[in-house]
Amino acid sequence: MKKTKLWVIFSLAALFLIGTVAVSFAAAKPAKAVKKASAGASAAVESTRDTRTLFGHNVEGLKPVKIVWAGDSPFGTLGDASLMNFVKLVDAESKGKIKIDVHRFGSLYRGSDFPKVLPIGTIDMAGINKGQLMSRENGYAPWLIGYIWKSPEHLLAVPASAEWYEMEEKLAKGKWNIKPLVLSCIGNWDYFAKKPVTSMKGFGGKKVWTYGDLSSAYINAWGGTPVAKSASEMYMAFYQDALNIISFTIIGILDYKFYEGGKYWVNMPVYPPGSVGIHYVQIYMNRDKWNSLPTAYKKIILDACDLMSWVGTWEILCAEKLAWYRLQNQYKMIDCGISTKYPKEYEKIKAAAVAAGKKFVFDRGATQQQWDEAQSILTKYADPKYTSKYSWWFKLAWAEADRRVVDVQKKLKEGKSWAEAYDPYLFKHRYAWTAEQIKEQWSAVPRVKWEWNEATRLQ
């Protein structure tokens, strides 16, 4: 059962690490909007905007290398399409000298296996949910609690900071022998129910799906009964009321057709409304492999990783809004609105979850010092003097999300079907992109500057 839990949490995170619905190459309009929005940006905005010129690194005289990357995102998801785009881009920028040997769809290893095989070098690269790294390093535990973030900008300001990266570098190196390269994103986890839930009391006596011990702690604190089931069992259990409430992303509710089992979106997101998880899943490389690479190769990989990360974050925010529009209007799901209509109840729910999470952290064996170090960084970057510097990015992303909804509405009014209106935003179109198209489209997405030490990133 433990292995099943790990596989479920990682495979779902990998599936949604950059979303499952997005813009095609034909829908390239946002690039112009981004340029227009940035023209009059303030000095504060420009201080957090990544304006680096990427790539162009000299690879003359360097020997070719092969890098083995294992993934388990399904075909047609942004996770898989972006991985294949990454391969093309790195191949082109390295003049064919960096060959990435990709094993997709869990064909080589499942997601739960990645923490086992990556540190010993059986594979070289993979995306890993940090919850799986607690088995050797309890220092990760204080960072994994949900419901602690004060705003979407807070969830961005923390991992963009130098202190956060130094912590990540230390934890990954000390007991795992892996190198953190870049963040990957997952959708905003929420709860969906067969009957309306408008308060914490609504969880009382209900059977609620759990992905692991931490989420079980939340559910118990709310009065529910956590029930672990594999992803393959989840649809039927929800449909037949063996599960009364499930936890998932909005995108996942659409793609897995869970709306057929229950029509109520509880709307009490793990992260503040309007944000996504930009901290919990990362792309790692075996550290011995990383150390063996010449600097030019490292820079190419990091440049491509940075572009991929911001494309993922941008696309999930857009995809979440578009998915909810479809769920509400095509499949008639109902928003219970705890976070929007009952904010006091939402605060009560969050407080109970955080308290349960803190107990979980110390039960895991984390020390007071590890807790205090995490809290220091989290508290520092919740200050508006930091978070306000990142509002520009979210305004652009939310505007693009709204544009896509309007575009779908327009197509529906023209008489197109839901499938036809939605089609331009499916990831399947990205597999055909050339390296030049990938570079152009990825570069058009606005990026926030990582305040990470470049020398440390290259170590």
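The analysis underlying the following values was restricted to heavy atoms, covering all of them including side chains, and did not include hydrogens, waters or symmetry mates.
The side-chain heavy atoms of Leu144 and Phe360, taken from C-beta on, include no pair separated by under 4.5 Å. No side-chain heavy atom of Thr387 sits under 4.5 Å from any side-chain heavy atom of Tyr381. Looking at heavy atoms from C-beta onward, Val405 lies in side-chain contact with Gln409 at the 4.5 angstrom threshold. Counting heavy atoms from C-beta on, the side chains of Cys305 and Ile301 come closer than 4.5 Å. Asp50 places none of its side-chain heavy atoms less than 4.5 Å from the side chain of Trp450. Taking the side chain as every heavy atom from C-beta outward, Trp69 and Ile283 approach each other to under 4.5 Å. A 4.5 Å side-chain heavy-atom check between Trp290 and Asp124 finds every atom pair outside the cut-off. A 4.5 Å side-chain heavy-atom check between Glu345 and Thr198 finds every atom pair outside the cut-off.
Cation-pi contact between Lys263 and Tyr331: absent, since separation from the ring centre below 6.0 Å together with deviation from the ring axis within 45° is not met.
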Problem set entry | side chain to side chain contact (heavy atoms under 4.5 Å, CB included) between Leu89 and Met308, intermediate numbers included | CA-CA 10 Å; Leu89 184 56; Met308 184 169 64; over 6 Å; no

Problem set entry | Criterion side chain to side chain contact (heavy atoms under 4.5 Å, CB included) on Phe114 and Met125, from CA distance to verdict | CA-CA 9 Å; Phe114 296 162; Met125 289 184 72; over 6 Å; no

Exercise. Hey, mind stepping through Tyr271 and Tyr280 against ring-ring contact (aromatic ring centres under 6.0 Å, His included) and telling me if it holds?
Worked result: CA-CA 12 Å; Tyr271 323 120; Tyr280 298 89; 5.5 Å; yes

Problem set entry | Derivation of the side chain to side chain donor-acceptor pair (under 3.5 Å) call for Asp80 and Tyr431 | CA-CA 9 Å; Asp80 184 64; Tyr431 290 108; 2.4 Å; yes

For this session: List the steps and the verdict of ring-ring contact (aromatic ring centres under 6.0 Å, His included) for Tyr218 and Trp189.
Result: CA-CA 13 Å; Tyr218 302 154; Trp189 287 72; over 10 Å; no

Exercise. Run the side chain to side chain contact (heavy atoms under 4.5 Å, CB included) check on Ile67 and Met285 step by step: do they pass?
Worked result: CA-CA 9 Å; Ile67 295 173; Met285 183 180 283; 4.0 Å; yes

For this session: Verify salt bridge (Lys or Arg N to Asp or Glu O under 4.0 Å) between Arg457 and Asp306, making sure each step is shown before the conclusion.
Result: CA-CA 12 Å; Arg457 289 195 83 186; Asp306 285 350; 3.0 Å; yes

Exercise. Are Gln368 and Phe362 close enough, and set up right, to give a side chain to side chain contact (heavy atoms under 4.5 Å, CB included), and what steps lead you there?
Worked result: CA-CA 8 Å; Gln368 186 67 49; Phe362 286 105; 3.6 Å; yes

Exercise. Going through the checks in order, is the salt bridge (Lys or Arg N to Asp or Glu O under 4.0 Å) test met by Lys344 and Glu347?
Worked result: CA-CA 5 Å; Lys344 290 184 179 179; Glu347 293 303 316; over 6 Å; no

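Around the NZ atom of Lys395, the shell of radius 6.0 Å holds no more than 12 heavy atoms that belong to other residues, nucleotides or ligands.
In this structure a side-chain-to-backbone donor-acceptor pair under 3.5 Å is missing from Asp383 to Lys380. Between the side chain of Lys350 and the backbone N or O of Ile148 there is no donor-acceptor pair closer than 3.5 Å. In this structure, the side chain of Asn286 engages the main chain of Leu118 through a donor-acceptor pair within 3.5 Å. Looking at Lys332, its side chain does come within 3.5 Å of a backbone N or O of Asn329 through a donor-acceptor pair. Remark: the backbone N or O of Trp164 is not paired with any side-chain donor or acceptor of Trp452 at under 3.5 angstrom. Checked by atom type and distance alone, the side chain of Ser215 never pairs as donor or acceptor with a backbone atom of Thr210 at under 3.5 Å. Using a distance-only test at 3.5 Å, with no hydrogens or angles considered, a donor-acceptor pair links the side chain of Trp393 to the main chain of Pro446. Judged by distance alone, the side chain of Lys88 and the main-chain N or O of Trp433 form a donor-acceptor pair under 3.5 Å. In this structure a side-chain-to-backbone donor-acceptor pair under 3.5 Å is present from Asn220 to Ser216. With hydrogens and angles ignored, the 3.5 Å screen pairs no side-chain donor or acceptor of Arg430 with any backbone N or O of Ala81.
In this structure, Leu243 and Phe238 approach most closely via the heavy-atom pair O-CD1, 3.4 Å. Residue Ala353 comes nearest to Trp222 through the heavy atom pair CB-CZ2, 3.9 Å, listed as atom of the first residue, atom of the second, then distance. Heavy atoms only, all atoms of each residue included: Leu155 and His279 are closest at CD1-CB, 4.4 Å. Closest heavy-atom contact between Tyr346 and Pro273: OH-CD, 3.9 Å. The two residues Tyr165 and Pro180 come nearest to each other via the heavy atoms OH-O, 3.9 Å. Residues Ala193 and Val266 approach most closely at CB-CG2, 4.2 Å, considering heavy atoms.
Electrostatic pairing of Lys428 and Asp423 counts as a salt bridge here, judged by a charged N lying under 4.0 Å from a carboxylate O. At a threshold of 4.0 Å, the pair Arg287-Glu169 counts as salt-bridged, since one of the basic side-chain nitrogens sits closer than that to a carboxylate oxygen. Ion pairing between a basic and an acidic side chain is recognised when a charged N comes within 4.0 Å of a carboxylate O; Lys411 and Glu414 show no such pairing. In summary, Asp407 and Lys410 do not engage in a salt bridge, as defined by a charged side-chain N under 4.0 Å from a carboxylate O. Between Asp72 and Arg110, no side-chain nitrogen of the basic residue sits less than 4.0 Å from a carboxylate oxygen of the acidic one, so the salt-bridge criterion is not met.
With rounding to the nearest 0.5 angstrom, the CD atom of Glu315 is 7.5 Å from the CD atom of Glu400. Atom CG of Leu302 is separated from atom CG of Leu181 by 6.0 Å, given to the nearest 0.5 angstrom. Here the OG atom belonging to Ser135 is positioned 7.0 Å from the CG atom belonging to Leu133, to the nearest 0.5 angstrom. Expressed to the nearest 0.5 Å, how far CG of Asp190 lies from CE of Met268 amounts to 6.5 Å. Of the inter-residue distances, the one linking Glu137 atom CD with Trp176 atom CH2 reads 10.0 Å to the nearest 0.5 angstrom. Of the inter-residue distances, the one linking Leu183 atom CG with Thr313 atom OG1 reads 7.5 Å to the nearest 0.5 angstrom.
Taking the six-membered ring for Trp and thresholds of 30 and 60 degrees, Trp209 and Phe248 have ring planes inclined between 30 and 60 degrees apart. Ring geometry, Phe203 versus Tyr191: the interplanar angle exceeds 60°, so the pair is classed perpendicular (tilted spans 30 to 60°). Ring planes of Tyr239 and Tyr235: parallel class, angle under 30° (limits at 30 and 60°).
Ring centroid separation for the pair Trp398 and Phe394 comes in under the 6.0 Å cut-off. The distance between the ring centers of Phe192 and Phe258 does not fall below 6.0 angstrom.
A donor and an acceptor atom, one from each side chain of Trp392 and Thr48, are located under 3.5 Å apart.
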